[in-house]
Number of protein chains: 2
Amino acid sequence: MATTTSPALTGNPLELERQVCFALSVASRTVLSVYRPLLEPMGLTHPQYLVMLALWQHAPMPVKDVGALLQLDSGTLSPLLKRLEAQGLVTRPRNPQDERALTVSLTPRGQALREQAERIPEQVVARLGMEVAELEDLHRALTRVIEAAVAGR
Amino acid sequence: MATTTSPALTGNPLELERQVCFALSVASRTVLSVYRPLLEPMGLTHPQYLVMLALWQHAPMPVKDVGALLQLDSGTLSPLLKRLEAQGLVTRPRNPQDERALTVSLTPRGQALREQAERIPEQVVARLGMEVAELEDLHRALTRVIEAAVAGR
DNA sequence: CCTCATTACATCGTGTACGATTAAGTTGTG
DNA sequence: CACAACTTAATCGTACACGATGTAATGAGG
């Protein structure tokens with residue numbers, strides 16, 4: 001019979017099922033796949049949805065701040081914001097006080113989209129069928145590992 | 001003074017800092033950024049590392065099984081496996097018993113790489129500076145949400 | 001006033017993700 | 001045996017991620 005001691009101290013340290021990074025990748029992709037059918041009617045991808053969340057809270061804001069908030073660089077954000085602009089959800093004129101910076105603002109259409117988005121969180125929780133308390137625990141655990149990873153990279 | 005009731009029941013339900021999906025995305029990308037400098041000397045990206053973990057455990061195995069294990073489809077796996085093949089880490093001849101299927105096997109070089117990989121997990125834990133027990137808790141929470149998401153998508 | 005380092009974005013190249021389609025092989029059924 | 005239904009990969013198009021590089025604007029020091 002195989003050993004059944006604490007998994008941290010025994011067996012293959014490279015076992016796929018034990019890797020937190022594997023669970024993180026799969027969890028991220030799988031949870032996003034729950035959002036996809038809900039976001040599709042709004043014409044948003046999940047990263048675009050996160051940017052819109054940031055804007056609904058803080059617009060108008062510079063691209064730099066969006067990047068800091070979402071931990072994304074301009075290589076990702078520039079084309080993403082262009083696509084939101086092409087959809088008529090945001091504008092991004094240059095800041096007259098600093099011609100390097102773009103000020104990302106919501107169009108009326110972008111503002112209006114918020115109402116449809118209001119229902120997303122509850123729908124996701126319903127589809128997951130998990131307790132809100134358990135999701136809050138997960139959120140706290142993720143926040144901890146994000147802090148640890150930012151400090152350790 | 002602002003209200004400070006339970007966050008689940010008050011305030012803006014679209015608040016970015018409250019979204020589990022946001023924490024998941026950032027955690028996934030941030031933790032992977034801890035792996036990147038460790039994997040780079042091995043010539044592997046993180047998804048390639050996960051495939052190698054699967055192969056070190058189960059090779060030879062069909063592409064189908066790799067996909068099932070990692071929750072990836074052929075659109076992702078085909079080019080990824082081609083790159084591993086180009087690096088001389090794997091072979092993927094057709095299965096004579098079923099000419100549709102490819103049997104992914106490790107080359108001696110692919111097998112040998114495992115020794116370098118053995119040190120990755122401990123190095124990551126060290127860089128994160130988190131208790132193994134806390135990481136195991138996180139792993140359990142992630143496994144729960146993966147199951148919920150798979151069921152609910 | 002004039003460099004020069006810094007900052008804010010944009011662009012490019014590589015590598016995933018993923019839906020959709022295609023192509024080839026296999027299998028069940030009449 | 002014929003053939004439709006199914007399975008396995010590959011391919012294509014779109015959209016992130018991210019490192020590296022380019023460019024214009026800003027600001028600090030001489």
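Convention: sequence-line order gives letters A, B, ...; per-chain numbering from 1. Values reported hereafter were calculated over all heavy atoms of this structure, with side chains retained and with hydrogens, waters and symmetry mates removed.
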Out of [options], whichever nucleotide has its closest atom nearest the side chain of [X]:
{"X": "B:Val63", "options": "D:dA9, C:dG19, C:dG15", "value": "D:dA9"}
{"X": "A:Arg100", "options": "C:dT6, D:dA9, C:dC18", "value": "C:dT6"}
{"X": "A:Ser78", "options": "C:dC9, C:dT16, D:dG19", "value": "C:dC9"}

Review point. From A:Gln48 CD over to A:Leu89 CG, what is the distance, rounded to the nearest 0.5 angstrom?
Key: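 Result: 8.5 Å between the selected atoms.
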Practice item. Give the C-alpha distance, both sets of side-chain angles, the deciding distance and a yes or no for salt bridge (Lys or Arg N to Asp or Glu O under 4.0 Å) between A:Arg36 and A:Glu40. Key: CA-CA 6 Å; A:Arg36 204 164 291 122; A:Glu40 199 254 27; over 6 Å; no
Exercise for review: Please report the closest heavy-atom contact between A:Val20 and B:Leu138, naming both atoms and the distance.
Suggested key: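 The answer is CG1-CD2, 3.9 Å.
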Check your understanding: A:Trp56 and A:Gly110: which non-hydrogen atoms are nearest, and at how many Å?
Key ->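 What the structure gives for the nearest pair is NE1-O, 3.0 Å.
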Exercise for review: Examine distances only and state if a side-chain atom of B:Arg94 and a backbone atom of B:Glu99 form a donor-acceptor pair shorter than 3.5 Å.
Suggested key: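 The answer is yes, because a donor-acceptor pair under 3.5 Å joins these two groups.
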Give the rounded distance in Å between these two atoms: [atom1] of [X] and [atom2] of [N].
{"X": "A:Arg29", "N": "D:dC16", "atom1": "CZ", "atom2": "P", "value": "17 Å"}
{"X": "A:Glu99", "N": "C:dA8", "atom1": "CD", "atom2": "C1'", "value": "12 Å"}
{"X": "A:Lys64", "N": "C:dT7", "atom1": "NZ", "atom2": "C1'", "value": "8 Å"}
{"X": "A:Leu81", "N": "D:dA17", "atom1": "CG", "atom2": "C1'", "value": "14 Å"}
{"X": "B:Gln87", "N": "C:dG15", "atom1": "CD", "atom2": "P", "value": "9 Å"}
{"X": "B:Leu24", "N": "D:dC16", "atom1": "CG", "atom2": "P", "value": "18 Å"}
{"X": "A:Arg83", "N": "C:dT11", "atom1": "CZ", "atom2": "P", "value": "12 Å"}
{"X": "B:Leu77", "N": "C:dT16", "atom1": "CG", "atom2": "P", "value": "10 Å"}

Check your understanding: Relative to the 5' end of DNA chain C, which residue comes earlier, A:Thr30 or B:Gln97, by the nucleotide with the nearest heavy atom?
Key ->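 Taking each residue's closest nucleotide, the earlier one in sequence belongs to A:Thr30.
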Check your understanding: Which part of the nucleic acid, if any, lies within reach of B:Leu32 when heavy atoms closer than 4.0 Å are counted: base, sugar-phosphate only, or nothing?
Key ->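 Nothing: the residue B:Leu32, judged by heavy atoms under 4.0 Å, touches no strand.
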Exercise for review: Select base, sugar-phosphate, or nothing to describe what A:Arg92 touches, counting heavy atoms under 4.0 Å on all strands.
Suggested key: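 Sugar-phosphate: the residue A:Arg92, judged by heavy atoms under 4.0 Å, touches backbone atoms but no base.
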Taking only the side-chain nitrogens and oxygens of [X], find out if one of them lies under 4.0 Å from OP1 or OP2 of [N].
{"X": "B:Lys82", "N": "D:dA10", "answer": "no"}
{"X": "B:Thr45", "N": "C:dT16", "answer": "yes"}
{"X": "B:Arg36", "N": "D:dG19", "answer": "yes"}

**Study point:** Earlier contact from the 5' end, DNA chain D, for A:Gln48 and A:Asp98
**Key:**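 Result of the comparison: A:Gln48.
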Exercise for review: Map A:Pro47 and A:Ser74 onto DNA chain D by nearest heavy atom, then report which one ends up closer to the 5' terminus.
Suggested key: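 Residue closer to the 5' terminus by nearest nucleotide: A:Pro47.
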